[in-house]
Amino acid sequence: MGKLLIVGTVAFDEIETPFGKTDKILGGAATFIGLAASQFEIDSAIVSIVGDDLPQEYLDLLRNKNIDLSGVEIVKGGKTFYWKGKYGNDLNSRDTLATELNTLADFNPVVPDNFKDADVVMLGNLHPNTQMSVIEQMKATPKLIVLDTMNFWMDNALEELKQVIQHVDVITINDEEARQLTDEYSLVKAAEEIQKMGPKFVVIKKGEHGALLFHNEKVFFAPALPLEEVFDPTGAGDTFAGGFSDYLAAIDTISFANMKNAVIHGSNLASFCVERFGTKRMQDLKREEVNQRLHQFKTLTQFDIELK
């Protein structure tokens, strides 16, 4: 089986949407990526940091999904990273009401020895220096390093972020972030500029409007599946990145055709994530459901055309 190393947050989220609100629940980029990984036949490990206030049941949940947690540091007397947010009526906009870094403020990632040869490294949204530290700890060059980042680091650690971008094979960002990073409004031009920075592949996420994949002159678009119910978009981007990287860890060859399949797998899993608050839907997700929805994606995107 392939090996996937996941670097990111295991956190508390407190969420309010037009459909309800939660108290503190399990969240964090690494959590969503890890739960996505459990849908594939791969060995996965999380590198993160939490306080001893994180309930044991949350750690047990991840372990029961066959996720290696030897790289998760538990700080005695420490508090786990916490985020609170409220979404608008269209679920595309949100306000951050509280962010508490807590133990994450002093996070020095340590990659477990048995994952220093991971096939795929998924760098979740963290400070670029933390992401670079993980890259430097790898004993062998991974077949793929995938980077997820956001506009906060473009505003506050741009030079460090550019250093990381030089060392990755794939970057996943949303359309607004792609434009900010490159000063290009056209996403095609933005992708061209990002590829010049280092990544061979650029994935631009457009939320409910799907995702774009760029590689040299090639472009692929994957729509988002129309859903009857959307409760909470928190973690959807991380779940997409997880499904994308997890699929690539499970196969042998990296090609544009396989990248297209990876985008579909990411979009497919993200469509489940938004159906319940937090990680609830991903915790209970069955492989049969995943496969059934993959067929829906195929039906949605496949057509015959007669050229005259």
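Keep in mind the model is a prediction, meaning the values are calculated, not measured.
Partner W83 forms a side chain to side chain donor-acceptor pair (under 3.5 Å) with one of D13, T96, T9 and no other, that one being T96. Partner of K205 under the salt bridge (Lys or Arg N to Asp or Glu O under 4.0 Å) criterion, out of D175, D148, D238: D148 alone. Checking each of V146, V170, I165 against P199 for a side chain to side chain contact (heavy atoms under 4.5 Å, CB included) leaves exactly one that passes, namely I165.
Environment of NZ in K86: sparse, with no more than 12 heavy atoms of neighbouring residues, nucleotides or ligands closer than 6.0 Å. In this structure, Q56 places its CD atom where more than 12 heavy-atom neighbours from other residues, nucleotides or ligands lie under 6.0 Å away. Within 6.0 Å of the CG atom in D155, the count of heavy atoms belonging to other residues, nucleotides or ligands exceeds 12.
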**Request:** Could you walk me through whether N66 and S44 pass the side chain to side chain contact (heavy atoms under 4.5 Å, CB included) test, one step at a time?
**Result:** CA-CA 8 Å; N66 296 316; S44 61; over 6 Å; no

**Request:** Start with the C-alpha gap between E275 and V230, add the side-chain angles, then the distance that decides, and say whether side chain to side chain contact (heavy atoms under 4.5 Å, CB included) holds.
**Result:** CA-CA 5 Å; E275 291 181 335; V230 177; over 6 Å; no

**Request:** Mind running side chain to side chain contact (heavy atoms under 4.5 Å, CB included) on L161 and T149 for me, showing each step along the way?
**Result:** CA-CA 9 Å; L161 176 59; T149 191; 3.6 Å; yes

**Stepwise side chain to side chain contact (heavy atoms under 4.5 Å, CB included) test for R94 and I15** = CA-CA 10 Å; R94 72 181 185 190; I15 304 159; over 6 Å; no

**Message:** For D53 and K79: C-alpha separation, side-chain torsions, deciding distance, then whether salt bridge (charged side-chain N to carboxylate O under 4.0 Å, His left out) applies.
**Reply:** CA-CA 6 Å; D53 59 338; K79 291 186 176 182; over 6 Å; no

**Message:** Please determine whether side-chain hydrogen bond (donor to acceptor under 3.5 Å, both in side chains) holds for the pair Y58 and T31, giving the CA-CA distance in whole Å, both sets of side-chain angles, and the decisive distance to 0.1 Å.
**Reply:** CA-CA 10 Å; Y58 289 168; T31 302; over 6 Å; no

**salt bridge (charged side-chain N to carboxylate O under 4.0 Å, His left out) evaluation trace for K280 with D284** = CA-CA 7 Å; K280 180 60 178 175; D284 304 327; 3.4 Å; yes

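Summarising the geometry, atom CG belonging to L35 is positioned 6.0 Å from atom OG1 belonging to T279; distances are rounded to the nearest 0.5 Å. Between atom CZ of residue F220 and atom CZ of residue F256 there is a gap of 7.5 Å, rounded to the nearest 0.5 Å. The distance from the CG atom of L225 to the OG atom of S267 is 9.5 Å, given to the nearest 0.5 Å. Interatomic distance, CG of L5 versus CG of D43, reported as 12.0 Å (0.5 Å rounding). Between the CG atom of N216 and the CD atom of E192 there is a distance of 10.0 Å, given to the nearest 0.5 Å. Between R179 atom CZ and N174 atom CG the span is 9.5 Å, to the nearest 0.5 Å.
Checking side-chain atoms of T80 against main-chain N and O of G51 turns up a donor-acceptor pair under 3.5 Å. Under the 3.5 Å distance criterion, the side-chain polar atoms of N64 are matched with a main-chain donor or acceptor of D60. Using modelled atom types, one side-chain atom of S48 and one backbone atom of V10 make a donor-acceptor pair closer than 3.5 Å. Proximity of a side-chain donor or acceptor of K84 to a complementary backbone N or O of E100 within less than 3.5 Å is not detected. Between the side chain of N156 and the backbone N or O of F152 there is at least one donor-acceptor pair closer than 3.5 Å. Side chain of N258 to backbone of T253: a donor-acceptor contact under 3.5 angstrom is found. Put simply, the side chain of T182 gets close to the backbone of A178: a donor and an acceptor are under 3.5 Å apart. A donor-acceptor pair is defined here as one N or O able to donate and one able to accept, closer than 3.5 Å; such a pair exists between the side chain of W153 and the backbone of L126.
Cluster annotation: L104 is not connected to V110 through the hydrophobic network of ILVMFWY side chains, with a link wherever side-chain heavy atoms come within less than 4.5 Å. The cluster map of Ile, Leu, Val, Met, Phe, Trp and Tyr, joined by side-chain heavy atoms under 4.5 Å apart, puts L97 and F277 in different clusters. Hydrophobic clustering, with ILVMFWY side chains joined whenever heavy atoms are under 4.5 angstrom apart, groups M122 together with V203. I46 and F32 sit in two unconnected hydrophobic clusters of ILVMFWY residues. Membership requires side-chain heavy atoms under 4.5 Å apart, directly or through other members.
At a threshold of 4.5 Å between non-hydrogen side-chain atoms, the residues P226 and L300 count as touching. The shortest side-chain heavy-atom distance between I135 and L123 falls under the 4.5 Å cut-off. A 4.5 Å side-chain heavy-atom check between V274 and F231 finds every atom pair outside the cut-off. Between R63 and L59 there is a side-chain heavy-atom pair separated by less than 4.5 Å. I194 places a side-chain heavy atom less than 4.5 Å from the side chain of L181. Within the 4.5 Å cutoff, the side chain of L269 has heavy atoms near those of the L285 side chain. Using a 4.5 Å cut-off on side-chain heavy atoms (C-beta onward), V111 and V121 make no contact. Between P109 and I49 there is no side-chain heavy-atom pair separated by less than 4.5 Å.
Scanning for side chain to side chain contact (heavy atoms under 4.5 Å, CB included) contacts around N151 gives E176, E177, Q180, with sequence neighbours left out. Residues that satisfy the ring-ring contact (aromatic ring centres under 6.0 Å, His included) test with F272, not counting sequence neighbours, are absent from this structure. Every salt bridge (Lys or Arg N to Asp or Glu O under 4.0 Å) that E289 has, sequence neighbours left out, goes to R281.
In this structure, Y82 has its ring center at least 6.0 angstrom away from the ring center of F12.
Under the 30°/60° scheme for interplanar angles, the aromatic rings of Y247 and F40 are found to stand perpendicular. The aromatic rings of F244 and F240 sit parallel, their planes meeting at an angle under 30°, below the 60° perpendicular limit.
For the pair L213 and M259, the tightest heavy-atom approach, listed with the atom from each and the gap, is CD2-CB, 3.6 Å. Of all the heavy atoms in V290 and Q39, the pair that sits closest is CG2-OE1, 3.5 Å. Looking at every heavy atom in both residues, V263 comes nearest to A211 through CG1-CB, 4.3 Å. The nearest pair of heavy atoms linking R287 to H265 is NH2-CE1, 4.4 Å. When all heavy atoms of V47 and P112 are compared, the pair lying nearest together is CG2-CD, 3.8 Å. When all heavy atoms of A249 and L4 are compared, the closest pair comes out as CB-CB, 4.1 Å.
Checked for salt-bridge contact, K3 and D117 meet the test: a charged N lies under 4.0 Å from a carboxylate O.
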